[in-house]
Amino acid sequence: MRGKRKRSRPLHYTLLLFRISALLACYSIHSIPGIAAGASALPPRNPFLADSSNAIGHGTSAQQDSFATAGPSGRSHRLSSDEIDYVHLGPLHFGANYSGPYPGGRRVLWSNGADRVVKVDHDRFEVIANHPLANVTPYTPDGADHSIQELNEREGLSALYYAYQMTSIFDDLSGVYTLLDRDHQYYIGDSRGTIAVYGDAVPGNPDSAIETKRRWSLPPAVTGLMIGMNMTFDGWLIVATEHGYVVAVSRDFSQQHWIRLRHSEGAEGAATGPTGKGWVRNGFAIDLAGGIYIASQDHMHKLIWTGERLSIDPTDGAWTARYRNSGGEGTGASPSLMGFEDEDRFVVITDGDELMNLTLFWRDAIPATWQQLEGAPSRRIAGFLPANMGDPSRAEVQSEQSVVVAGYGALVVSNQPTNPPWWMPRRARMLLVSFLGSSPEYQPRGAQKFQWNPADQKLEVAWVNREVSSPNCVPTVSLGSGLAYVAGARNDEWTLEALDWQTGESRFHYVVGDQRYNSLFAGVLIDEAGRVMWGTIFGRVRLDPRDSP
C-alpha cells in the first residue's frame, strides 16, 4: 500500500523528472582495453567527493559514465537465483553513490527514491539503515510484488493503461540530483529548490542510523526548478535551475553566489510552451579548472567558477555556442567531458535535431586554424555526426541519456520506441520505453560509438550495433574489461548486454528476468568489486555471475 503526498507541481514537471538523466587525486590510465593510444581513460578525481568510482550521478564531475574497474566477462546464459542479488528499496532509486572507505575499509551505498533515503552495505548488499521521508506512506514489498505481477501479465491496451497508472509513483519523487562528499555526507537536490544533507547519526560508523544534517534553499531571486547538482574541485556545490540561474554554495551553506546564463531571457516560459520542457533540463559537468558546462534549449554554455565568484565573461574563459535544434526541444543529454591534460579537449552532447547528432565542442580556446564546419551553427563545434544507428534512411532518433565517454570514444543509444500506436502523442511515447521497455512490440534498438581522430582532427563513426536493445538505462563502459554494458531486453525479459568497446560486437548477455528488473532510466553501475548493478522499479539488482573472473 502507498500514500500520496499533496503536490502542486504541474504534470509536465513530473514528466521532466520522468526522463531522468536526469540521473580526487588526478590520474590518467593508459593501455587499458578499448582505449586508443594517447587518450587518457578517466578524468581527474574530485578530492571533495567521496573517494570512490561513483560519488555522483554519472560517476564523476566530468559526467562520463565510465569506470576503470573490470566488469563481468563471461558466457551468455540465464542467471540463476544465486547469481542475482535483489533488495527492495521502494520506487525510483535511479542511482547509488558509493562511499569512500570507513575506518576498517568498509563501504556503503547511499540511495534515495520516492519514499526513503537508504544506506546499503557495499559487500553484503543488505539495507543498513532506512530514513523514511515525511508525509509518504512507504511502499511495501507486497505492494511492489503486486505491481510487478500486473506488469508481467497484462498485454495490449491493458498493459498501456496499467503502465500509465504506474507513472503516479513519480508524483512522490523527492529528488534525483545527488552526490556524496568525502565526509560521508549525502546531498539530495530536489526540483523545488532545496538541498537536504543526510549523514551518519554516529559519524564514522557505517552501521549507524541516517539523520538529517542541514538544509538549504535557493535564494528568493533565483527562480525555476532545480536541474542538476555538481561540485567544483575546491569544494563548492553548484546547482542550476530550468530558468538559467546558476548558484554556487559552500558545503556548510554559509556562503552563496549566483549568476544567470546568457540568452536566458524568456526562459520562464519554456516549460509552459509547446515542448513542456525547461530551458535547462539536464545535469552538467565541471572540470578541474572551474569550467562549468551547461546545455540550454539552443546553446552550450561554459561559465567559470573563479574560486570567489561565477563568471560568464569571455575574458575569464567563459563562452556560449549555439547547437543544431531542428526538433525545438534541445538536447536530452547531460554534457560529458572528453580529453584531459595535453589531449584535445571537448564537451560532448547529442543535439536537438530530430535525428540527433553526436556533437563535440572545443572546451577551451578554439584552435587558431580551425575552420567552421559546414552545417555547424558555431565555429566552436569540433564535429557532429548523425546518430542514425547505421541506417541513413532514419529520420528520427532520440535519446534521453547522457553520452557515455571513455578516452576519445563516445557511445549513444536509441530510446526511440518501435511501432508506437498511431494515436499516441509523441510526448507520451516515453511510456513505451519505460514500464513497457522490454516489450518486443515497442523496444528500441541500436547503439552507436563515435571516435575523435586526433591525427586528422575529425569525428568519425567507430561502429554501430543495430540489434542491441537498451530501452531506458544509462549505459556504462568498463575500461578494465573493454566492454560497454546496457540493461537490455530479449523476449520480454530484462538482460545485461555486453558489447566490445572496440568493435561493437555482442560479447555475451545474461538473462536476468521479468519486470522486477526493469531499469526504468537508472544508470548501469559497476561497484568497487566489479559487479554490475542498476536501480529497478522498486529496488536495486546486482549481478554476481559465477562464470565471471
Side-chain angles (χ1 to χ4, degrees), residues 20-24 42-50 52-66 94-98 110 112 175-183 185-191 193-197 216 218 222 224-242 244-251 253 256-259 261 280-296 300-307 309-312 318 331 333-338 340 347-349 363 402-403 405 474 523:
I20 289 318
S21 37
L23 313 357
L24 305 182
L42 292 175
R45 287 269 185 100
N46 187 323
F48 286 88
L49 293 177
S52 74
S53 60
N54 194 63
I56 188 173
H58 302 298
T60 68
S61 292
Q63 306 285 275
Q64 287 193 322
D65 289 300
S66 56
F94 295 112
N97 299 145
Y98 313 161
W110 286 82
N112 71 295
V176 298
Y177 312 108
T178 66
L179 61 81
L180 184 63
D181 75 8
R182 64 186 184 183
D183 300 319
Q185 298 203 2
Y186 185 56
Y187 297 72
I188 301 175
D190 70 23
S191 59
T194 298
I195 295 176
V197 182
W216 173 87
L218 289 171
V222 174
L225 301 177
M226 188 185 297
I227 305 294
M229 178 168 56
N230 207 323
M231 185 172 284
T232 66
F233 282 70
D234 60 353
W236 284 70
L237 286 167
I238 304 294
V239 298
T241 79
E242 64 172 350
Y245 289 92
V246 181
V247 183
V249 58
S250 58
R251 287 189 300 150
F253 298 158
Q256 62 189 32
H257 308 269
W258 60 269
I259 201 168
L261 296 174
V280 173
R281 63 186 180 99
N282 302 289
F284 51 88
I286 293 179
D287 69 20
L288 182 65
I292 303 167
Y293 302 87
I294 299 176
S296 65
M300 173 62 69
H301 306 259
K302 178 181 181 179
L303 64 157
I304 303 296
W305 169 247
T306 69
R309 59 186 175 85
L310 293 163
S311 173
I312 57 173
T331 177
S334 296
S336 306
L337 303 188
M338 173 188 289
F340 301 94
V347 56
V348 184
I349 59 169
R363 206 155 81 220
S402 177
V403 178
V405 172
V474 182

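What you see is a predicted model; the values in this text were computed from it and never measured. Side-chain atoms are counted along with the backbone in the values below, which use heavy atoms only and exclude waters and symmetry mates. FYI, the numbering just counts along the sequence from 1.
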Separation of L310 CG from I304 CD1 (nearest 0.5 Å):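 Those atoms lie 10.0 Å apart.
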Atom pair CG (L225) and CD (E242), whose distance is rounded to the nearest 0.5 Å: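 Here the interatomic distance stands at 4.0 Å.
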Beyond-backbone contact of [X] with [Y], side-chain heavy atoms, under 4.5 angstrom:
| X | Y | result |
| --- | --- | --- |
| R363 | D287 | yes |
| D181 | F48 | no |
| L237 | L179 | yes |
| T331 | M300 | no |
| I238 | F284 | yes |
| N97 | N54 | yes |
| V239 | L218 | yes |
| S250 | W236 | yes |

Do you know the tightest heavy-atom contact between [X] and [Y]?
| X | Y | result |
| --- | --- | --- |
| G307 | D234 | CA-OD2, 3.7 Å |
| V405 | S66 | O-OG, 3.0 Å |
| P335 | I349 | CA-CG2, 3.8 Å |

Between S311 and T306, a side-chain donor and acceptor under 3.5 Å: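 There is no such pair (donor and acceptor under 3.5 Å, judged by atom type) between the side chains of S311 and T306.
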S296 and H301 side chains, donor-acceptor separation under 3.5 Å: yes
Keeping the roles fixed (side chain from [X], backbone from [Y]), state whether a donor-acceptor pair exists under 3.5 Å.
| X | Y | value |
| --- | --- | --- |
| Q64 | L337 | yes |
| S334 | S402 | no |
| Q63 | I286 | no |

L180 vs Y98, side chain to side chain contact (heavy atoms under 4.5 Å, CB included): CA-CA, chis, key distance, verdict: CA-CA 8 Å; L180 184 63; Y98 313 161; 5.9 Å; no
Trace of the side chain to side chain contact (heavy atoms under 4.5 Å, CB included) decision for R309 with I259: CA-CA 9 Å; R309 59 186 175 85; I259 201 168; over 6 Å; no
Results of salt bridge (charged side-chain N to carboxylate O under 4.0 Å, His left out) for D183 - residues two or more places apart only: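 For D183 the salt bridge (charged side-chain N to carboxylate O under 4.0 Å, His left out) partners, ignoring immediate neighbours, are R251.
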With D65 via salt bridge (charged side-chain N to carboxylate O under 4.0 Å, His left out) - residues at least two apart: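 Checked D65 against salt bridge (charged side-chain N to carboxylate O under 4.0 Å, His left out); zero matches.
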Ring pair (Phe, Tyr, Trp, His ring centres under 6.0 Å) against Y245, all qualifying residues, sequence neighbours excluded: W258
V247 and W216: CA distance, side-chain angles, deciding distance, side chain to side chain contact (heavy atoms under 4.5 Å, CB included) verdict: CA-CA 12 Å; V247 183; W216 173 87; 3.9 Å; yes
Plane angle bin for F253 and Y187 - parallel if under 30°, tilted between 30 and 60°, otherwise perpendicular: perpendicular
Worked check of side chain to side chain contact (heavy atoms under 4.5 Å, CB included) between M229 and I56: CA-CA 9 Å; M229 178 168 56; I56 188 173; over 6 Å; no
